[in-house]
2 protein chains.
Amino acid sequence: MGHSQQDKAASHERILDVAARQFRKRGFDGVGLAALMDKAGLTLGGFYKHFTSRDQLVAEAMSHALKNGRVWLQDKVPPDGSAPLGRLLNAYLTPEHRDNAGNGCAVAALAVDASRTPAASADFNAGFRGFADWVGGMLDGPEDEKRARGGAVICAMAGAIAIARAVDDPRLSDDILKATRRLIENSQKHKPGAGARRRRRRPVGRAAKR
Amino acid sequence: MGHSQQDKAASHERILDVAARQFRKRGFDGVGLAALMDKAGLTLGGFYKHFTSRDQLVAEAMSHALKNGRVWLQDKVPPDGSAPLGRLLNAYLTPEHRDNAGNGCAVAALAVDASRTPAASADFNAGFRGFADWVGGMLDGPEDEKRARGGAVICAMAGAIAIARAVDDPRLSDDILKATRRLIENSQKHKPGAGARRRRRRPVGRAAKR
DNA sequence: ATTATCTATAGATCTATAGATAATGC
DNA sequence: ATTATCTATAGATCTATAGATAATGC
């Protein structure tokens, strides 16, 4: 044994890295604490000096996985490049992403898990909002609609990856990625005005509660 | 006790109904066999006279949930009505659907679970294909692209429902459904030719293996 | 006689805690 | 003295099986 506070911080980070990866791959319920600690080079007993409960790990790992997935994506989509949406789709809707859930987008891998796990909801929300802002910035259109449109693009992309992973037939799986790419591209291509027709502007300053 | 073969068939159906609903709500790992049997009005011990293993239940419940979700949707989208895509979006992208995972679309609720559960993959695949054919039939465009385009529409819809469920903020959640609706409508609205530009035709009869 | 279901239980998890060990850090 | 980690274990699951019970169905 023999461990400094610095060692502990490194252990904590290692546990989070392992959990963020394993949860994306197997789900929150798909891996136990003993297996996680083992993969982090530790034993189960020490877990509760790092987290007060399994739920706390789930919450921290949710944020960690979202950040992790964003870093992976942003490395492939430079902030000042041209045609950013095309680059995003090129990076996201790939067989590589589909076949590596553990290192990929946490929205695609963990949205359903988060919806069943109250401990993860707040962190999922925050991560999704940031992601939607980023993607919204790549789109044309009125400034106040960009976040919502960015969110819709994420829904289409994440849904495609999740379904492409679930499907048994490799050809069908590849086709899902390609068809979703075309759907998203077409959705951004139509003449402005045509899609805004049906849209009513929400009055500013009258925040509607639900 | 005292049970006929007819009783057994009814029991089997009840177990499947309960499982299809509970799995959509809580995931394959989110509910145990004892709780399922209890909700079906039976006890755990009888389970293995109906299924050889938990995995077999998962497989049958996957199909059952897909069928169930299709019936629910098709009730709301008459086969010969006008503007079928609009009706589909009206039925699918709603707060009601979002708030009732147990009775809703199994693609949205269980794609990620299926991707982690080999026993469910084949049944998910078959269900998705049928669903994509149905939705494809609602779209304009070349006949040989309809299934793929239908699949992409499902990805966007299912992704939106899954993410709208995961998100913490009710306003954001509602906005996700609305923005995805617009994205899908716009994707079908663009002038044909613009989107087909980049598309290469696959030679018929040369089936590419992966 | 067969069988649909029940009660009871074995054996394998899994989370959380208790107490020991061997360093760190005041 | 404090603490980061370890070994060991309690108590609560969960799947699967064994054997009993009370009907069905030939």
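To find a chain, count down the sequence lines: A is the first, B the second, and so on, and within it residues start at 1. Keep in mind that this is a model prediction, so the values were computed, not measured.
Rounded to an integer number of Å, the gap from CD of Gln56(B) to P of dA16(D) is 11 Å. In this entry the distance linking CD of Gln6(A) with P of dA4(D) reads 13 Å, nearest Å. With rounding to whole Å, Lys8(A) atom NZ is found 15 Å from dC6(D) atom C1'. Remark: P of dA23(C) and CG of Asp7(A) are 12 Å apart, rounded to the nearest angstrom. dT7(C) atom P lies 11 Å from atom CG of Leu42(B), rounded to whole Å. When the P atom of dA4(C) is taken as reference, atom CD1 of Ile15(B) falls 12 Å away, rounded to whole Å. Following rounding to the nearest Å, His12(A) (NE2) and dA4(D) (P) show an atom-to-atom distance of 12 Å.
Taking every heavy atom of residues 21-36 of chain B and every atom of DNA chain D, pairs under 4.0 Å involve Gly32(B), Leu33(B), by number. Within a heavy-atom distance below 4.0 Å of DNA chain C, the residues of residues 47-55 of chain B found are Lys49(B), His50(B).
For the pair Asp113(B) and Arg116(A), the salt-bridge criterion is met [side-chain N within less than 4.0 Å of a carboxylate O]. Between Lys146(A) and Glu143(A), at least one side-chain N (NZ, or NE/NH1/NH2) sits under 4.0 Å from a carboxylate O, which counts as a salt bridge.
Distances from the side chain of Gln5(A) to the nucleotides dG25(C), dT15(C), dG25(D) place dG25(C) closest. Picking from dA16(C), dT7(C), dA4(D) the nucleotide with the shortest atom distance to the side chain of Thr43(B) gives dT7(C).
The stretch residues 42-57 of chain B participates, sequence neighbours left out, in no salt bridge (Lys or Arg N to Asp or Glu O under 4.0 Å) pair at all. Every pair tested for salt bridge (Lys or Arg N to Asp or Glu O under 4.0 Å) that includes a residue from residues 152-161 of chain A fails, sequence neighbours excluded, so the list is empty.
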- request: Toss me the dot-bracket line for DNA chain D: Watson-Crick and G-U wobble, both under 3.5 Å, 5' to 3', using | for pairs to another strand and [ ] for crossers.
  value: ||||||||||||||||||||||||..
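Residues satisfying the side-chain hydrogen bond (donor to acceptor under 3.5 Å, both in side chains) criterion with Asp17(B), sequence neighbours excluded, are His64(B). Taking Thr52(B) as the reference, Gln56(B) meet the side-chain hydrogen bond (donor to acceptor under 3.5 Å, both in side chains) condition, with sequence neighbours excluded. Partners of Arg129(B) by salt bridge (charged side-chain N to carboxylate O under 4.0 Å, His left out), not counting sequence neighbours, listed by chain and number: Asp169(A). Take Arg87(B) and apply the side-chain hydrogen bond (donor to acceptor under 3.5 Å, both in side chains) test, not counting sequence neighbours, and it matches no residue. Not counting sequence neighbours, Ser121(B) has no partner by the side-chain hydrogen bond (donor to acceptor under 3.5 Å, both in side chains) test. Remark: Tyr92(A) engages His97(A) in a ring-ring contact (aromatic ring centres under 6.0 Å, His included) (not counting sequence neighbours).
Within the nucleic acid shown, Leu44(B) comes within 4.0 Å of at least one base atom, counting heavy atoms only.
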Which side-chain N or O atoms in residues 34-44 of chain B pair as donor and acceptor under 3.5 Å with protein atoms at least two apart or in another chain?
none

